[in-house]
Amino acid sequence: MSPKRFFLICLLLFICVQALLPHSGHAAEQSDTTYEDRMNLYKKTETLTNVPWYYLAAVDTYERGLRKALRDRDEEKGLISIFYSPSQWAGATNPDLDDSNPLSISIFGGVGMDGDGDGIADRFNDADLLFTFAHFLEKYGFKEEDMRIALWEYYKREQSVNIVQSHAKTYKAFGTLDLHEHSFVMPLHANYSYRSTWGAKRGWGGRRIHEGTDLFAGYGVPIQSTSYGTVELIGWNNYGGWRVGIRDLDNIYHYYAHLSGFEKGIKKGDVVKPGQVVGYCGSSGYGKPGTQGKFPPHLHYGMYRDNGVTEWSFDPYPLLKSWERQAYKNKKKS
């Protein structure tokens, strides 16, 4: 092969690889634009229906999480993730399940509505989807309890209602949609170690698998929230000892266990952010309330994804490593 031909082949391969790699600057710009465009949709629909934007954002975010967890739902085609089946949208008795005429849809008992004034109720149109769901919510009223009743009527599941209201509380507290940054679970200067321990056998309390990653550190090392979210549970668990559970905006439950104690003032329902201290490393658990010292001090960190029906654990180790690397990068920049 001639040197010229070899050079051209290498150049072509380089161009192809570069085209496949993500460009961080462009991705960030696109993300910012996405948040802005979504917020504009939420605010516009709030004006039309009086449903608070943060509840619309919460429902949309919850449904986006469901699309990640459920195999029978494709990725959203636009900005809004709220999902309606063809029979829900057009009406179960409608002979045309692709019907987009608001009048015939209403005749056949469908929910689809025209949200942007073009005379069409399109199941894949962002404005139509958002307006249709907001119209359902507004029928019940605008107080927090009214929203809770409406969400129950729609999802028929207490945990789904709790998650949506958790999302709404988080969005309302920070006033923005750009809340998906993460933090490592311990300060980088702490003396800690960890490896992948998800799926290992555990015997106390019966045979079971280990649903998390153990991070070993000294007593009292601060434990930090890895995400934005709300404190869903706090207190004693016979397995996990003193523990905190935080629900993030991806519908994921973050479980921090075996703590020696909680950060002063933290309580159920509090909104937290990445890097915020929620407790301290310890060795509590495996017994009645207050049991300590049955194992070396460490943090058990678990992650559980909700799919609208149930929750299941998955290995948090890869994400922990990713957040740790990012934390070191951020430290070098500062």
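We're numbering straight along the sequence, starting at 1.
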Apply the test side-chain contact (heavy atoms from CB on, under 4.5 Å) to residues I105 and N101: give CA-CA distance (whole Å), side-chain angles for both, the deciding distance (0.1 Å), then the verdict.
-> CA-CA 6 Å; I105 286 175; N101 185 313; 5.6 Å; no
Rounded to the nearest 0.5 Å, the CH2 atom of W312 sits from the OG1 atom of T310 at a distance of 8.5 Å
Contacts of Y55 meeting ring-ring contact (aromatic ring centres under 6.0 Å, His included) (sequence neighbours excluded), chain-then-number -> none
Donor-acceptor contact below 3.5 Å, side chain D114 vs main chain D116 | yes
Flag for Y194-E324: side-chain donor and acceptor within less than 3.5 Å | yes
May I ask you to check whether N330 and Q326 show a side-chain donor-acceptor distance below 3.5 Å?
-> yes
Does D270 reach the main-chain N or O of K267 with its side chain, forming a donor-acceptor pair under 3.5 Å?
-> yes
State plainly whether the residues E311 and R247 are in salt-bridge range, i.e. N to O under 4.0 Å.
-> yes
Find out whether E263 and V277 are in side-chain contact, i.e. whether some heavy atom of one side chain is under 4.5 Å from a heavy atom of the other.
-> yes
Under a 4.5 Å cut-off applied to non-hydrogen side-chain atoms, are E76 and R64 in contact?
-> yes
Side chains of P274 and Y228 in contact at under 4.5 Å (non-hydrogen atoms) = yes
Which atoms form the tightest heavy-atom contact between A90 and D99, and what is the distance?
-> CB-CB, 4.2 Å
Please step through salt bridge (charged side-chain N to carboxylate O under 4.0 Å, His left out) for the pair E232 and K268, ending with a clear verdict.
-> CA-CA 6 Å; E232 189 170 295; K268 182 177 179 179; over 6 Å; no
With a 4.5 Å limit on heavy-atom distance, are the side chains of Y280 and Y219 in contact?
-> no
Would you say the side chains of S100 and D122 form a donor-acceptor pair under 3.5 Å?
-> no
Evaluation steps, ring pair (Phe, Tyr, Trp, His ring centres under 6.0 Å), between F184 and Y192 | CA-CA 12 Å; F184 188 58; Y192 64 85; 5.3 Å; yes
V231 reachable from Y171 in the ILVMFWY side-chain graph, under 4.5 Å edges = no
Beyond-backbone contact of I223 with C281, side-chain heavy atoms, under 4.5 angstrom = yes
Taking all non-hydrogen atoms of both residues, which atom of L259 and which atom of G279 are closest, and how far apart?
-> CD1-CA, 4.3 Å
Closest non-hydrogen atoms of H258 and F295, given as atom of the first, atom of the second and distance, are ND1-CZ, 3.4 Å
What are the two closest non-hydrogen atoms of D214 and T197, and how far apart are they?
-> N-OG1, 3.2 Å
Ionic contact status for K68 with D250, cut-off 4.0 Å | yes
Are W53 and V51 grouped together when hydrophobic residues (ILVMFWY) are joined by side-chain heavy atoms under 4.5 angstrom apart?
-> yes
For the residue pair W89 and Y84, does the interplanar ring angle fall in the parallel (under 30°), tilted (30 to 60°) or perpendicular (over 60°) class?
-> tilted
Under 4.5 Å between side-chain heavy atoms, hopping through other hydrophobics if needed: is there a path connecting L299 to Y239?
-> no
So Y304 and F314, side-chain contact (heavy atoms from CB on, under 4.5 Å) or not? Walk me through it.
-> CA-CA 6 Å; Y304 297 78; F314 62 95; 5.9 Å; no
Report yes if the side chains of S227 and L249 come closer than 4.5 Å at any heavy-atom pair, otherwise no.
-> no
Measure from the side-chain N and O atoms of T132 to the backbone N and O of G112, and report whether any donor-acceptor pair falls under 3.5 Å.
-> no
Check the pair L70 / R73 against side-chain contact (heavy atoms from CB on, under 4.5 Å), numbers first and verdict last.
-> CA-CA 6 Å; L70 296 173; R73 296 191 185 186; 3.8 Å; yes
Under a 4.5 Å side-chain heavy-atom rule over Ile, Leu, Val, Met, Phe, Trp and Tyr, are Y301 and I234 clustered together?
-> yes
Picking from S166, S81, S160, what satisfies side chain to side chain donor-acceptor pair (under 3.5 Å) with Y62?
-> S160
Any donor-acceptor N or O pair under 3.5 Å, side chains Y54, T170 | no
Sequence-distant partners of K156, salt bridge (Lys or Arg N to Asp or Glu O under 4.0 Å), two or more places apart = E153
For F142 and M147, which heavy atoms make the closest approach, and how far apart are they?
-> CA-CE, 3.9 Å
Going hydrophobic residue to hydrophobic residue with side-chain gaps under 4.5 angstrom, can you get from W152 over to I82?
-> yes
Quick one: does S87's side chain have a donor or acceptor within less than 3.5 Å of a partner on A92's backbone?
-> no
Just wondering, do I163 and Y253 contact through their side chains at under 4.5 Å, heavy atoms?
-> no
Are the side chain of T61 and the backbone of A57 linked by a donor-acceptor contact shorter than 3.5 Å?
-> yes
Are M113 and D128 close enough that some pair of their side-chain heavy atoms sits under 4.5 Å apart?
-> no
Axial cation check for Y286 ring with K294, 6.0 Å and 45° limits | no
Just wondering, are more than 12 heavy atoms of other shown residues or ligands nearer than 6.0 Å to NZ in K77?
-> no
Judged by atom type as modelled, is there a donor-acceptor pair below 3.5 Å linking the side chain of D146 to the main-chain atoms of K143?
-> yes
For G229, does its backbone N or O pair with a side-chain atom of D248 as donor and acceptor, under 3.5 Å?
-> no
Looking at S284 and W236, what are the two nearest heavy atoms and their distance?
-> CB-CZ3, 3.9 Å
If you measure only the distance, is there a donor-acceptor pair under 3.5 Å linking the side chains of R148 and N162?
-> yes
Any donor-acceptor N or O pair under 3.5 Å, side chains H254, S225 | no
Can you find a side-chain donor-acceptor pair between Y255 and S313 that sits under 3.5 Å?
-> no
Look at the side chain of R38 and the backbone N and O of L79, then say whether any donor-acceptor pair between them is shorter than 3.5 Å.
-> yes
Evaluate side-chain contact (heavy atoms from CB on, under 4.5 Å) for D306 paired with R157, printing each intermediate quantity in order.
-> CA-CA 12 Å; D306 185 274; R157 178 177 179 246; 2.7 Å; yes
Okay, side chain of N94, backbone of F108: is any donor-acceptor separation there less than 3.5 Å?
-> no
Do the side chain of E63 and the main chain of D60 share a donor and acceptor less than 3.5 angstrom apart?
-> no
